[in-house]
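A quick write-up on the structure given underneath.
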Amino acid sequence: MSDKQLSLASRLALASLDLRGWQADKRNKEQNYDYISADAVLNRAGDALGKQGVVVIPSIIDHGYDIFTTPNGKNRYDAWVSFDMTMVCDGGEVLTCKWFGRGSDYTVVDKAAYKAITSGHKYFLMKLLNIGVGN
């Protein structure tokens, strides 16, 4: 069977197999846990998907934020984004999944929004490709 004949599901399964054996590359000292960084997920998952002829196109379809005041009077910005995550393979098959991301920041809302985008993209790829090490 040629690569062009592989289904999108088969290509995703092969990419997932290529990503076994991850170790956490970051440490959250404040909350005492190890995790895989977004950079590591985006780089390695992108490489594994690319080898299989698959591209993931994240499209933000909605977003918003809330502002909370902490007990000490500091503002916290909580942002959320909704995505359409579209997967396309070089065989022409397309699959779109709904997804979301959340992020918080204590300085400005745009930082919270970008954290929501980054976490949404990271965790979509982690769940899609069965990446399970870290938080």
Side-chain angles (χ1 to χ4, degrees):
M1 181 181 281
S2 76
D3 286 350
K4 294 275 188 205
Q5 294 174 324
L6 287 176
S7 70
L8 179 56
S10 294
R11 293 165 187 265
L12 293 173
L14 289 169
S16 178
L17 290 172
D18 200 24
L19 295 170
R20 292 184 175 186
W22 275 32
Q23 297 298 317
D25 64 321
K26 295 282 185 166
R27 175 105 184 125
N28 182 318
K29 294 175 185 170
E30 293 172 4
Q31 297 176 335
N32 198 30
Y33 65 88
D34 297 327
Y35 65 98
I36 299 173
S37 68
D39 286 341
V41 171
L42 296 176
N43 287 332
R44 285 197 57 198
D47 287 349
L49 289 165
K51 281 200 269 184
Q52 298 303 324
V54 176
V55 172
V56 176
I57 304 166
S59 299
I60 296 171
I61 57 172
D62 200 7
H63 62 88
Y65 68 93
D66 295 305
I67 302 172
F68 297 97
T69 304
T70 64
N72 65 359
K74 194 174 186 184
N75 283 340
R76 186 184 81 203
Y77 304 94
D78 289 352
W80 58 269
V81 293
S82 296
F83 294 95
D84 276 345
M85 301 299 256
T86 302
M87 290 152 283
V88 181
C89 72
D90 60 8
E93 195 174 347
V94 176
L95 174 65
T96 300
C97 299
K98 302 287 184 197
W99 198 255
F100 71 96
R102 292 189 171 273
S104 296
D105 195 77
Y106 288 96
T107 56
V108 291
V109 72
D110 65 325
K111 237 176 137 178
Y114 285 114
K115 287 178 181 182
I117 292 166
T118 299
S119 73
H121 196 178
K122 170 188 172 178
Y123 284 103
F124 176 79
L125 292 172
M126 288 183 77
K127 297 307 173 191
L128 177 72
L129 299 170
N130 300 306
I131 301 166
V133 176
N135 69 331

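All figures in this text were calculated on a predicted structure; none of them were measured in a lab.
- What you find for Cys97 and Met87 is that their closest heavy atoms are SG-CE, 3.6 Å.
- Rounding to the nearest 0.5 angstrom, the gap separating the CG atom in Asp47 from the CD atom in Gln52 is 12.0 Å.
- Distance check: Leu49 CG to Leu14 CG gives 11.0 Å after rounding to the nearest 0.5 Å.
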Given the rule in the side-chain contact (heavy atoms from CB on, under 4.5 Å) test, do Tyr114 and Asp105 qualify, once you have shown the distances and angles that lead to the verdict?
-> CA-CA 10 Å; Tyr114 285 114; Asp105 195 77; over 6 Å; no

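- Separation of atoms CE (Met126) and CG (Leu128) is listed at 12.0 Å; rounding is to 0.5 Å.
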Does the pair Thr86 and Asp84 meet the rule for a side-chain hydrogen bond (donor to acceptor under 3.5 Å, both in side chains), with working shown?
-> CA-CA 6 Å; Thr86 302; Asp84 276 345; 5.9 Å; no

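- Closest non-hydrogen pair, Val41 versus Lys122, comes out as CG1-O, 3.8 Å.
- The nearest pair of heavy atoms linking Leu129 to Leu12 is CD2-O, 3.8 Å.
- Taking hydrophobic clusters as Ile, Leu, Val, Met, Phe, Trp and Tyr residues chained together by side-chain heavy-atom distances below 4.5 Å, Ile57 does not share a cluster with Leu125.
- Hydrophobic clustering (ILVMFWY, side-chain heavy atoms < 4.5 Å, transitive): Val94 and Val55 are in one cluster.
- Using a 4.5 Å cut-off between side-chain heavy atoms of Ile, Leu, Val, Met, Phe, Trp and Tyr, with links allowed through other members, Val108 and Trp80 fall into different hydrophobic clusters.
- Between atom CD1 of residue Ile61 and atom OG1 of residue Thr96 there is a gap of 10.0 Å, rounded to the nearest 0.5 Å.
- Tyr65 and Phe100 end up in different hydrophobic clusters when Ile, Leu, Val, Met, Phe, Trp and Tyr side chains are linked at under 4.5 Å.
- Residue pairs meeting the salt bridge (Lys or Arg N to Asp or Glu O under 4.0 Å) criterion with at least one member in residues 62-74: none, sequence neighbours excluded.
- Scanning both residues, Trp22 and Ile131, for their nearest heavy atoms gives CE3-CG2, 3.7 Å.
- Across every non-hydrogen atom of Tyr35 and Asn28, the tightest pair is CE2-N, 3.8 Å.
- One hydrophobic cluster holds both Met85 and Ile60 under the rule that ILVMFWY side chains link at heavy-atom gaps under 4.5 Å.
- Residue-environment remark: CZ (Arg44) exceeds the threshold of 12 foreign heavy atoms within 6.0 Å.
- In this structure, the separation between OG on Ser82 and NZ on Lys98 is 8.5 Å, given to the nearest 0.5 Å.
- Checked by atom type and distance alone, the side chain of Trp99 pairs as donor or acceptor with a backbone atom of Gly120 at under 3.5 Å.
- Taking both residues in full, the closest heavy atoms of Thr70 and Tyr106 are given as CG2-CE2, 3.8 Å, listed atom of the first, atom of the second, then distance.
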Check against side-chain contact (heavy atoms from CB on, under 4.5 Å), Asp90 and Arg11 = CA-CA 10 Å; Asp90 60 8; Arg11 293 165 187 265; 2.7 Å; yes

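- One finds the CD1 atom of Ile117 at 6.0 Å from the CZ atom of Phe83 (value rounded to the nearest 0.5 Å).
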